[in-house]
Protein chains: 2
Amino acid sequence: MATILIVDDEEDIRDLIAMNLQREAYDILEAADGLQAVKIARKKVPDLILLDLMLPEKDGYGVFQDLKSDSRTRDIPVIMLTARGKLDERITGLALGADDYVSKPFSPKELMLRIKNVLRRVQDYPAGALSENGDFKFDKNQLKFYLCGEEIDLTSTEFKLLLFLIESPNAPQERGDLLRRVWGYNDLIQTRTLDTHIKRLREKLGSHGSQIETIRSVGYQFNSNDQPST
Amino acid sequence: MATILIVDDEEDIRDLIAMNLQREAYDILEAADGLQAVKIARKKVPDLILLDLMLPEKDGYGVFQDLKSDSRTRDIPVIMLTARGKLDERITGLALGADDYVSKPFSPKELMLRIKNVLRRVQDYPAGALSENGDFKFDKNQLKFYLCGEEIDLTSTEFKLLLFLIESPNAPQERGDLLRRVWGYNDLIQTRTLDTHIKRLREKLGSHGSQIETIRSVGYQFNSNDQPST
DNA sequence: GAGACTTGTCACAATTGCGTCACATTGACC
DNA sequence: GGTCAATGTGACGCAATTGTGACAAGTCTC
């Protein structure tokens, strides 16, 4: 379930959003002014904040800055709502770091779409969808792999193999296990396929390729560079 | 002039609407049942559809679904009319994607207001109907597509396909999902239709065609050139 | 009903992933 | 240092996937 904080004093917008979203099991928090919003956001961390820039008491941008300056709320995506769709306001909002920007009047459909788009980023990544180790980062949903922030194109076999190695770092993985888990081979067959793929992986990893170590007569092992937290 | 399609078999409502609206230069189309409504809507694309859920022949929701599953009418705003103002019905309607919902009995003034509200969104603020990514721009109301400001003629299938890809940029869209969302295929059927349409799209996109990337054994992905706002 | 347009399917070409092989290199043990 | 098994490496070929052009059926327009 996603939690959304709505910062707005107009009831109809709250109703609209509540009606559209609650059916899909969203948890709605409400706040009529800025201070309260920041307070709620810090207490129960929402997945998304819907911020109306036309607040009665406080400047919407100020609330936004407050949220962004607190580490507990800094990384929550914010969708801004404004009465006017002026370009310079839009630019200001996006420049400040808003994730999206919707001008009133808007259709329910549009708002829902934007909310879902933003939430998709959050919800598509349930715990475990991202796997990370040092400079190695996996996006298991999108089947993408990043090395030092740069996307590296891996084939699906390479992806599975590297992921399996990295999820058990600093421990040798036996050939038989690798063949079973990555290729689905159940019999202990004799094949050089594994070695060839290790080679191709090392190539694609460049200087980091050496982190895949050969354990003679056993298999392969990924050596993490991560410092164990002391 | 705005064009409104009224799907209703109660003459008084039609009269009411006609009287109120024609003075302000609206074009009224009429349909007494679902099939006819869908037919008219496809032929002469209205700006707004007023759909009575209490139809004699067909289920109003069914008509709605029909309209929404056709690319030519999918993005026309729909106001639902119902005799009952139950909240769950209202929610069902809005969840399905209706733009507004009016319960009978209603005052002419209220209905006019809602009609004008919806039309204003479409006519003055087409923002919700616009989808944009880099040089790619969609007008979902007019079903038009612009590349670098120039209109490119897309068929409705091409439009749906490209829009779906672009609304989830930089992420692979699986063949199955595309076939389901664009073609409505629910079974995992084996077809080359998708590939053929991708090819036709790439052709029409010219040098930008390469932004549609093939993800082997998975599907296709649209690569955005947009810089993420920092 | 003629003609233009859209769209699904097919056959064939091009591409890509991947398993295997031959040979080179390495490392353990004598 | 010699020997042998295990692994590294580059090349090759098959099979699956995708690109491409043509075609025919269906739909809409006039």
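So you know, we letter chains A, B, ... as the sequences are listed, proteins then strands, and number each from 1. Given the structure is predicted, the values throughout are model-derived calculations rather than measurements.
OP1 or OP2 of C:dC21 has not a single side-chain nitrogen or oxygen of A:T193 nearer than 4.0 Å. The side chain of B:H197 contributes no N or O atom lying less than 4.0 Å from OP1 or OP2 of C:dT7. At least one side-chain nitrogen or oxygen of A:R175 sits closer than 4.0 Å to the OP1 or OP2 atom of D:dT7. Note on A:W183: a side-chain N or O is less than 4.0 Å away from OP1 or OP2 of C:dG19. Contact check, A:T196 against C:dC18: no side-chain N or O comes under 4.0 Å of OP1 or OP2. Side-chain nitrogen and oxygen atoms of B:T155 include none within less than 4.0 Å of the OP1 or OP2 phosphate oxygen of C:dC5. When the side-chain nitrogen and oxygen atoms of B:K199 are compared with OP1 and OP2 of D:dG21, one or more of them lie within a distance under 4.0 Å. OP1 or OP2 of D:dT17 has not a single side-chain nitrogen or oxygen of B:Y220 nearer than 4.0 Å. In this model, the phosphate group of D:dA5 is not approached by any side-chain N or O of A:S217 to a distance below 4.0 Å at OP1 or OP2.
Taking each heavy atom of B:R202 and B:I212 in turn, the nearest pair found is NH2-O, 2.9 Å.
Using a 4.0 Å heavy-atom criterion, one finds that B:T191 contacts the sugar-phosphate atoms exclusively. Residue-level contact check: A:S156 touches the backbone only, with heavy atoms under 4.0 Å from sugar-phosphate atoms and none from bases. If you check every strand for non-hydrogen atoms under 4.0 Å, B:R200 touches a base.
Rounded to a whole Å, the CD atom of B:Q173 is 18 Å from the C1' atom of D:dT18. Between the CD atom of B:E213 and the C1' atom of D:dT17 there is a distance of 15 Å, given to the nearest Å. The separation between A:F159 atom CZ and C:dT16 atom P is 21 Å, rounded to whole Å. In this structure, B:K204 places its NZ atom 18 Å from C1' of D:dG19, rounding to the nearest Å. Here C:dG19 presents its C1' atom at 12 Å from CZ of A:R192, a figure rounded to the nearest Å. Straight-line distance from the CG atom of B:L178 to the P atom of D:dT18: 12 Å, rounded to whole Å. Straight-line distance from the CG atom of A:L205 to the C1' atom of D:dG8: 16 Å, rounded to whole Å. For the pair B:D195 CG and C:dT9 P, the computed distance is 12 Å after rounding to whole Å.
When the nearest nucleotides of DNA chain C are assigned to A:R216 and A:T157 by heavy-atom distance, the more 5′-ward of the two goes with A:T157.
Of the charged side-chain nitrogens involved, at least one lies within less than 4.0 Å of a carboxylate oxygen, so that A:E167 and A:K140 count as a salt-bridged pair.
By the 30° and 60° cut-offs, the orientation of the rings of B:F138 relative to B:F159 is perpendicular. Using cut-offs of 30° and 60° on the angle between ring planes, the pair B:F136 and B:H208 is perpendicular. Under the 30°/60° scheme for interplanar angles, the aromatic rings of B:H197 and B:W183 are found to stand perpendicular.
Looking only at atom types and distance, the side chain of B:N223 has no donor-acceptor partner in the side chain of B:Q211 under 3.5 Å away.
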